[in-house]
Amino acid sequence: MTPATANATASDPILWSGIDADVRTNAPIGESTWFAAGGCADVLAIPQSIDALGELARRCADTGVPLRVLGQGANLLVLEEGVDGVVVDLSAPAFTTAAWDSTDATPRDDRSDTIVRIGAGADLFRLVQDSKRLGRSGLAQMAGIPATLGGAVRMNAGGAFGDIAQSLERIEVVTHGGKLRSIEAAQLRLGYRHCELPAGCIVVAAHLRLPHGDPQKIEAEVHEIFEYKKRTQPMGAKSAGCMFRNPTDSATGRRESAGKLIDHAGLKGLRVGSAFVSECHGNFLAVDRGGRARDVLELSRHVQMRVLAHSGWRLEREVVVWSRQQVPSFPEECG
Ligand SMILES: Cc1cc2nc3c(=O)[nH]c(=O)nc-3n(C[C@H](O)[C@H](O)[C@H](O)COP(=O)(O)OP(=O)(O)OC[C@H]3O[C@@H](n4cnc5c(N)ncnc54)[C@H](O)[C@@H]3O)c2cc1C
């Protein structure tokens with residue numbers, strides 16, 4: 001730690017001085033999430049290179065300033081009180097490029113030409129479209145899932161048709177201390193909406209296995225999956241997709257649909273202030289335009305307690321909540 005940064009707080013320019021990053025203080029990030037509600041980040045930084053991100057991460061680690069990464073905010077609720085520390089946004093070109101024509105820099109098998117390095121800030125919707133156009137398979141299962149690639153890896157996003165894990169070879173991360181490291185997909189123990197990313201690591205790129213395929217077949221597959229999502233989910237609502245993880249029956253290992261449990265408890269349409277349970281899909285908790293993130297959190301707690309009382313199932317939150325305090329995944333205080 002340099003003497004200059006020893007006592008820095010997030011809002012202290014010493015933390016980012018000389019770093020190639022656009023920095024905004026008191027930045028309204030809640031409104032750019034899919035809920036379009038909630039508060040500000042004390043500091044929002046848009047680093048322009050991996051080196052800049054690494055240096056910022058190092059300074060934050062040295063000074064104990066929290067560092068978070070914002071993707072598309074498609075699985076994120078930012079409470080009105082906002083978040084402390086530094087939030088980074090990987091929307092600069094250094095983090096959004098896909099090297100469709102390159103081969104893996106470290107080929108380990110004779111199919112290395114099917115591996116594409118893609119920046120973690122890349123828009124997943126756009127990647128699915130590009131993969132269709134370029135005749136590369138391996139991403140159709142992600143059709144209709146709003147995310148950056150980094151956010152999709154972090155959540156192991158997916159659904160009935162598969163998840164990002166099935167195409168993931170390895171990732172590049174900036175560690176808590178600011179070092180660049182490569183991690184093999186197997187080390188991440190990817191599972192249902194689960195990824196064991198080492199604490200404090202920020203995904204900066206992913207290497208995906210995307211074999212060449214018939215563009216028409218890929219197009220048809222993407223179309224089918226997208227239409228299925230449109231039929232079964234309220235895609236236009238201000239939500240973060242499914243609020244809760246599908247819980248597992250510990251005796252059988254079987255997963256129960258959280259949406260069904262909410263529906264069977266009679267909670268579709270339930271409201272708390274500006275937040276409501278979708279009539280179309282019980283696991284989608286949405287908010288009115290101009291509504292409050294806090295209402296969504298309160299509603300999620302009501303739903304958890306009502307489902308527990310009705311069927312005995314405990315629903316854990318899938319959506320990440322940012323605030324100045326830790327927000328437990330289950331409202332123990334009400335239990
Ligand atoms: C309409 C709708 C439909 C959806 N349908 C699905 C679905 O079918 N399946 C599904 O799985 N999800 C679905 N979701 C949820 C969401 O799309 C996924 O969870 C997605 O992976 C979130 O990505 P993001 O970039 O928006 O991450 P964010 O919401 O911005 O962040 C989520 C978490 O990931 C972390 N994170 C983001 N980027 C990085 C990074 N580069 N490195 C490390 N950590 C990072 C954040 O810090 C945060 O903890 C849906 C959401 C909506 C709004």
Side-chain angles (χ1 to χ4, degrees), residues 29-30 32-36 38 41 44 47 50 53 57 66-78 83 85-92 94-96 118-128 141-165 171-176 181 183 188 190-206 225-226 228-230 232-246 258-259 278 280-281 283-287 296 317-322 327 329:
I29 57 169
S32 64
T33 65
W34 277 67
F35 283 114
L44 177 69
I50 292 180
L53 174 64
L67 181 67
R68 298 176 169 86
V69 55
L70 174 66
Q72 270 187 16
N75 200 49
L76 188 63
L77 183 68
V78 182
V83 277
V86 175
V87 171
V88 290
D89 168 322
L90 304 182
S91 59
F95 299 100
T96 56
I118 305 175
D123 173 21
L124 191 60
F125 181 79
R126 180 71 192 269
L127 290 174
V128 172
Q141 76 281 12
M142 307 307 290
I145 300 180
T148 57
L149 181 56
V153 170
R154 176 67 192 84
M155 306 307 301
N156 188 19
F161 299 89
D163 53 28
I164 196 72
I171 55 173
E172 294 167 33
V173 300
V174 162
T175 66
H176 175 64
R181 220 185 111 192
I183 304 179
L188 297 171
L190 294 151
Y192 164 74
R193 304 300 84 78
H194 178 82
C195 168
E196 292 183 14
L197 189 66
C201 278
I202 295 178
V203 183
V204 294
I225 294 171
F226 191 61
Y228 169 83
K229 268 189 83 81
K230 275 205 308 197
T232 55
Q233 299 179 359
M235 300 291 288
K238 297 199 177 313
S239 79
C242 291
M243 176 57 79
F244 305 105
R245 299 163 57 77
N246 292 329
S278 164
C280 166
H281 190 311
N283 203 4
F284 275 57
L285 272 53
V287 68
V296 178
R317 212 179 44 237
E318 179 178 314
V319 169
V320 176
V321 178
W322 283 357
V327 179
S329 169

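Numbering of residues begins at 1 and proceeds along the displayed sequence. Counting starts at 1 for both ligands and their atoms, in listed order.
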Checklist entry - Tell me, which protein residue and heavy-atom name are nearest atom 48 (C) of ligand 1, and how many Å apart are they? => result Val320 CG2, 4.1 Å
Item to check | atom 47 (O) of ligand 1: the protein heavy-atom neighbour that sits closest, reported with distance to 0.1 Å | outcome: Val69 O, 2.6 Å
Checklist outcome for this item: heavy-atom search around atom 31 (O) of ligand 1 in the protein gives Gly71 N, 4.4 Å
Next on the checklist: Geometry only, no angles: is Pro234 polar-contacting ligand 1 at N/O separations under 3.5 Å?
Outcome noted: no
Checklist entry - Between Gln141 and Asp163, is a side chain to side chain donor-acceptor pair (under 3.5 Å) present by the stated rule, with each step listed? => result CA-CA 6 Å; Gln141 76 281 12; Asp163 53 28; 5.9 Å; no
Checklist entry - Heavy atoms, side chains only, cut-off 4.5 Å: are Glu318 and Asn75 in contact? => result yes
Checklist entry - Less than 3.5 Å between some nitrogen or oxygen of Gln72 and one of ligand 1, yes or no? => result yes
Item to check | Min N/O separation Cys201 to ligand 1 under 3.5 Å | outcome: no
Next on the checklist: Under 4.0 Å from a heavy atom of Trp34: which atoms of ligand 1 are those, numbered in the order shown and with their elements?
Outcome noted: 53 (C)
Checklist entry - Relative to atom 15 (C) of ligand 1, which among Ala74, Ala157, Gly241 owns the nearest non-hydrogen atom? => result Ala74
Item to check | N or O contact, Lys229 vs ligand 1, cut-off under 3.5 Å | outcome: yes
Checklist entry - Considering distance alone, does some N or O of Phe284 sit under 3.5 Å from an N or O of ligand 1? => result no
Checklist outcome for this item: min-distance protein heavy atom vs atom 13 (C) of ligand 1 -> Ile145 CG2, 3.9 Å
Checklist entry - Of the choices Gly236, Gly158, Cys195, which has the non-hydrogen atom that lies closest to atom 9 (N) of ligand 1? => result Gly158
Item to check | Closest to atom 38 (N) of ligand 1 among Gly151, Ala143, Ser32 (heavy-atom distance) | outcome: Gly151
Item to check | Within-shell test, Arg193 vs ligand 1, heavy atom, strictly < 4.0 Å | outcome: yes
Next on the checklist: Under 3.5 Å between any N/O of Trp322 and any N/O of ligand 1: does that happen in this structure?
Outcome noted: no
Checklist entry - Roughly how far, to the nearest 0.5 Å, is the CE atom of Met243 from the NE2 atom of His281? => result 13.0 Å
Checklist entry - To the nearest 0.1 Å, how far is atom 35 (C) of ligand 1 from its closest protein heavy atom, and which atom is that? => result Arg154 CG, 3.5 Å
Checklist entry - At a 4.0 Å cut-off, with the gap strictly under it, does some heavy atom of Leu197 reach an atom of ligand 1? => result yes
Item to check | Heavy atoms of other groups near Phe161 CZ, more than 12 under 6.0 Å | outcome: yes
Next on the checklist: Taking distance alone, with N or O pairs closer than 3.5 Å, would you say Gly144 contacts ligand 1?
Outcome noted: no
Next on the checklist: Within ligand 1, which atoms have a heavy atom of Thr148 less than 4.0 Å away?
Outcome noted: 24 (P), 25 (O)
